[in-house]
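The structure appears below as structure tokens.
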Number of protein chains: 2
Amino acid sequence: MNDTLTPDPRPRDRARTEAALVAAARDLLAESGFQNFGINAVARRAGCDKQLIYRYFGGLDGLIDAIGGELADWIVDRLATDAAPPASYRQLAERLIFGFMAALRADMLVQKIMTWEIADPSPMVMRLAQARSKALTGWMLRQRGDLAPPDGCDAAVVNAALIAAVQMMVLSASASGAFAGMPLRADADWQRLAAALGTMLDAVYGPG
Amino acid sequence: MNDTLTPDPRPRDRARTEAALVAAARDLLAESGFQNFGINAVARRAGCDKQLIYRYFGGLDGLIDAIGGELADWIVDRLATDAAPPASYRQLAERLIFGFMAALRADMLVQKIMTWEIADPSPMVMRLAQARSKALTGWMLRQRGDLAPPDGCDAAVVNAALIAAVQMMVLSASASGAFAGMPLRADADWQRLAAALGTMLDAVYGPG
DNA sequence: CCCAAATATCACCAGTTGGTGACATTTTGT
DNA sequence: ACAAAATGTCACCAACTGGTGATATTTGGG
């Protein structure tokens, strides 16, 4: 009869519960960011008791690590889609920059985590950043082959700066729809940015 | 005898108290960022009751606005120090980028506010960003004179991208001492970045 | 002088947070 | 069949948050 004594608890399936907790944490992070992100909010969202987070993940840190494992190779997964290897260093850099831009624009969760890394750098969160940048440089080394940038050009730093520009623009756009007065809402806005980045790539690496 | 009945309250000086509150908020923000930044923390730091924040500023928002007023022209104040007008567009852009980099690197408070704008965009905080970018574009227009960028180059967006790159690098450096695996701690690191930015300016605007 | 306004502080409120111990129920191993 | 372990839920804790009403004390104008 279910006599209002036990209001049907969730089925006892640890794997399922763990997955629900990870999903709840990820969705919550992607939707609202790390503000108001806490153990209570995650448990509430997952519809189960926070005690389980302690039991199964050892706390919120462990839960974050579980998320981190999922997106360690985030950038590589959606960058290495081109069949043909790049024909020039310029092309390699172009694929890196524009691929990064598209991937980041489409992934709210990673955007929020990147913001988190800037705003509240805890050891736990920094590990996510480290894994990401390691995967990214690994991809570059693998794709580079024997292509070389022009002489007298610190390509690593130039690329880092372009990545930084894209990252800042995307994060700012998600927050306010603009950066430094430049609107970043319509597709035309983004195409204008892409054109400017193309100009810079042309200028630095040559129109290859 | 001050018989433990009245533990000497602060002197009744509204102007002084308001200044103390603004200073407390600013210092707290610069030191710890907007995490744990609340009305209780500010009042505690200022050594007076939070009620005064409600009375004198109408709440935390008003206090933030008071800070915003102080640094509305932040970037202009420390950019327009050069006596001679720029001799070329390249020189203008160089002053903008490197001046911005130096100013931002030296100002922890503005760094934290910029992070705030990304991480927790509330209407109140966004007003600060708007005032800043308005002042910045105003400076550009005033300094530009009749200098013009090369044809076929969307200089406004190129400059915005370079500013974005610098901003991302500085914020990331303050948080973790690196960006995308590139260390940003020693002066040599920053000189390397400056050199790369110089390369990009050369390439886009010509070595002038 | 006296009363009103201004100033400063305190006491309390409801709500939230992270964290822990106890309990009930189900599953599993022997 | 029975005990032990695993799973899920609840109740509670101290600490903190933003917010408000009441109360002292001082200042200043009439």
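Every chain is numbered from 1 and lettered A, B, ... according to where its sequence line falls, protein lines coming before strand lines.
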**Request:** Check side-chain contact (heavy atoms from CB on, under 4.5 Å) between A/Ala164 and all other residues, then give those that pass, not counting sequence neighbours.
**Result:** B/Ala165, B/Met168, B/Met169, B/Phe179
Any pair counted as salt bridge (Lys or Arg N to Asp or Glu O under 4.0 Å), so long as it reaches [range], sequence neighbours left out:
range                       : answer
residues 42-52 of chain B   : B/Glu31-B/Arg45
residues 187-197 of chain A : A/Arg192-B/Asp154
residues 157-185 of chain B : none

Rounded distance (Å) that lies between atom [atom2] of [N] and atom [atom1] of [X]:
X       : N      : atom1 : atom2 : value
B/Phe34 : D/dG18 : CZ    : P     : 15 Å
B/Leu52 : C/dT9  : CG    : C1'   : 8 Å
A/Ile53 : D/dG8  : CD1   : P     : 12 Å

**D/dT7 phosphate, OP1 or OP2, under 4.0 Å from A/Thr17 side-chain N/O** = no
**Prompt:** By side chain to side chain donor-acceptor pair (under 3.5 Å), which residues pair with B/Glu117, not counting sequence neighbours?
**Reply:** B/Arg132
**Under the side chain to side chain donor-acceptor pair (under 3.5 Å) test, residues paired with B/Glu70 that sit two or more places apart** = B/Arg26
Just the table, please: protein N/O against nucleotides 3-6 of chain D N/O, every pair under 3.5 Å.
none

List, one per line, each side-chain donor-acceptor pair under 3.5 Å for residues 93-111 of chain B, sequence neighbours excluded.
unit_1, atom_1, unit_2, atom_2, d
B/Glu94, OE1, B/Arg90, NE, 3.1
B/Glu94, OE1, B/Arg90, NH2, 2.4
B/Arg95, NE, B/Asp82, OD2, 3.2
B/Arg95, NH1, B/Ala84, O, 2.8
B/Arg95, NH2, B/Ala84, O, 3.3
B/Asp107, OD1, B/Leu109, N, 3.0
B/Asp107, OD1, B/Val110, N, 3.0
B/Asp107, OD2, B/Trp74, NE1, 2.9
B/Gln111, OE1, B/Ser174, OG, 2.4
B/Gln111, NE2, B/Leu104, O, 2.8
B/Gln111, NE2, B/Arg105, O, 3.3

**Prompt:** Excluding sequence neighbours, so at least two apart, what forms salt bridge (Lys or Arg N to Asp or Glu O under 4.0 Å) with B/Arg14?
**Reply:** B/Glu18
Contacts under 3.5 angstrom, residues 52-67 of chain B side chains, donor-acceptor by atom type, not counting sequence neighbours:
unit_1, atom_1, unit_2, atom_2, d
B/Asp65, OD1, B/Arg127, NH2, 3.3
B/Asp65, OD2, B/Arg127, NH2, 2.7

**Item:** Test item: B/Asn159 side-chain N/O and B/Ala155 main-chain N/O as donor-acceptor pair under 3.5 Å
**Value:** yes
**Message:** Short of 4.0 Å, heavy atom to strand atom, which residues of residues 18-28 of chain B count as contacting DNA chain C?
**Reply:** none
Identify each atom pair where a protein N or O and an N or O of nucleotides 16-22 of chain C are less than 3.5 Å apart, giving names and distance.
unit_1, atom_1, unit_2, atom_2, d
C/dT17, OP1, A/Arg44, NH2, 3.4
C/dT17, OP2, A/Arg44, NH2, 2.7
C/dG18, OP1, A/Ile39, N, 3.3
C/dG18, OP2, A/Ile39, N, 3.2
C/dG18, OP2, A/Asn40, N, 3.0
C/dG18, OP2, A/Asn40, ND2, 2.6
C/dG18, N7, A/Asn40, ND2, 3.3
C/dG18, N7, A/Lys50, NZ, 3.2
C/dG19, OP2, A/Tyr54, OH, 2.9
C/dG19, O5', A/Tyr54, OH, 3.2
C/dG19, N7, A/Lys50, NZ, 2.8
C/dG19, O6, A/Lys50, NZ, 2.6
C/dG21, O6, A/Gln51, OE1, 3.0

